[in-house]
Amino acid sequence: MSPLRSPEGGGEAEHRRRESQRQKPRVVAVDGPAAAGKGTLARRLAAELGLPYLDTGLLYRAVGRRVLDAGGDPRDVVAAEAAARALTAADLTRTDLRGPEADMAASAVATLPAVRAALLDWQRDFGRTHGAVMDGRDIGTVIFPDAPAKLFVTASPEARARRRHAELAARGVVRDLADVEAEMRARDAQDAARATAPMKPAEDAVVLDTTQLGIEEAFQAARVLVRARLG
Ligand code: DC
């Protein structure tokens with residue numbers, strides 16, 4: 001497989017369209033901690049707006065998985081950067097990118113500036129090419145600081161742990177709720193404390209707390225906010 005390529009076509013018209021997108025990308029940034037509901041919201045917003053959707057967490061998960069497969073340590077910068085530079089589109093469709101081991105490996109490689117740098121241009125090209133709804137931790141702060149619409153989706157740690165626990169149960173994975181919450185808190189702490197591109201709301205992001213909201217209510221709130229920002 002070839003390394004990750006930007007979703008770009010060719011031709012003069014396409015070039016001009018890309019140049020204008022480059023100046024003002026129609027990007028909706030959806031950042032926030034684990035299990036806050038940002039993936040569900042971002043996917044629905046993308047469908048509503050007719051924009052491509054990118055789950056940027058998958059990139060870090062795939063890098064972590066490659067390092068684990070090779071018997072390496074996800075905190076080893078040489079191994080992790082090599083894995084990031086060798087990433088292919090096929091890596092993102094693997095079925096073993098979720099679960100406690102993949103979660104922590106993703107969070108570990110994500111602390112490394114060299115890994116983040118290796119993934120930066122690809123994410124920017126993705127968003128600039130056709131516009132996009134992108135979910136992650138640093139979309140509004142680092143990847144697209146000029147995105148016209150930014151959401152920071154959050155919820156209480158207890159609510160997020162209950163949701164993650166229920167998601168796992170629905171997939172037939174039986175876990176102790178307390179363990180799920182402890183792992184989630186550890187990962188959030190690592191994601192928020194790292195020096196490079198830490199998880200935090202952009203100054204111009206709208207914070208959406210979904211603790212008390214169902215999926216439909218959260219989506220309607222997000223839709224109104226994003227429509228107002230996109231004009
Ligand atoms: O969104 P997720 O839970 O699938 O992300 C997995 C890990 O990847 C997360 O713990 C931190 C990292 N990540 C990141 O640092 N920046 C992003 N834009 C997306 C994810």
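Just so you know, ligand 1 is whichever comes first in the structure, and atom 1 is the first atom listed for that ligand.
- What sits closest to atom 19 (C) of ligand 1 on the protein, heavy atoms only, is Thr56 OG1, 3.4 Å.
- Within ligand 1, the atoms closer than 4.0 Å to a non-hydrogen atom of Ser107 are 10 (O), numbered from 1 in the order shown.
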* Go through the steps to decide whether Glu183 and Arg164 satisfy the test salt bridge (Lys or Arg N to Asp or Glu O under 4.0 Å), and finish with yes or no. => CA-CA 11 Å; Glu183 285 165 10; Arg164 180 51 48 87; over 6 Å; no

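- Atoms of ligand 1 lying under 4.0 Å from any heavy atom of Ala110, numbered from 1 in the order shown and given with element: 12 (C), 15 (O).
- The protein non-hydrogen atom at the shortest distance from atom 13 (N) of ligand 1 is Tyr60 CD1, 3.6 Å.
- Within the 4.0 Å heavy-atom shell around ligand 1 one does not find Met134.
- Taking the charged nitrogens against the carboxylate oxygens, Arg94 and Asp69 do have a contact shorter than 4.0 Å, which makes a salt bridge.
- In this structure, the side chains of Asp135 and Tyr53 come closer than 4.5 Å at one or more pairs of heavy atoms.
- Interface of Arg61 with ligand 1, defined as ligand atoms under 4.0 Å from a residue heavy atom, comprises 2 (P), 3 (O), 4 (O), 6 (C).
- Summarising the geometry, atom CD belonging to Gln123 is positioned 6.0 Å from atom CG belonging to Leu119; distances are rounded to the nearest 0.5 Å.
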* Give the C-alpha distance, both sets of side-chain angles, the deciding distance and a yes or no for side-chain contact (heavy atoms from CB on, under 4.5 Å) between Tyr60 and Arg137. => CA-CA 11 Å; Tyr60 297 92; Arg137 304 290 186 288; over 6 Å; no

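- Considering backbone and side-chain atoms alike, Arg187 places an N or O below 3.5 Å from some N or O of ligand 1.
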* Derivation of the salt bridge (Lys or Arg N to Asp or Glu O under 4.0 Å) call for Arg163 and Glu167 -> CA-CA 6 Å; Arg163 287 177 198 164; Glu167 263 170 45; over 6 Å; no

* Verdict with supporting geometry, Arg162 and Glu181, salt bridge (Lys or Arg N to Asp or Glu O under 4.0 Å) -> CA-CA 8 Å; Arg162 279 196 303 275; Glu181 183 171 333; over 6 Å; no

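- Counting only N and O atoms by type, the side chains of Thr141 and Asp138 include no donor and acceptor under 3.5 Å apart.
- Contact annotation for Arg137 and ligand 1: heavy atoms of both the backbone and the side chain come within less than 4.0 Å of the ligand.
- In this structure, atom 16 (N) of ligand 1 lies nearest to the protein heavy atom Arg116 NH2, 3.0 Å.
- Close N/O approach between Asp138 and ligand 1 is found [any backbone or side-chain N/O within under 3.5 Å].
- If you check the side chains of Gln190 and Arg187, you find no donor sitting under 3.5 Å from an acceptor.
- Distances shorter than 4.0 angstrom occur between a heavy atom of Lys38 and an atom of ligand 1.
- In Met184, neither the side chain nor the backbone holds a heavy atom less than 4.0 Å from any atom of ligand 1.
- Shortest contact from atom 10 (O) of ligand 1 to any protein heavy atom: Asp191 OD2, 2.7 Å.
- Distances between N or O atoms of Asp55 and those of ligand 1 include no value under 3.5 Å.
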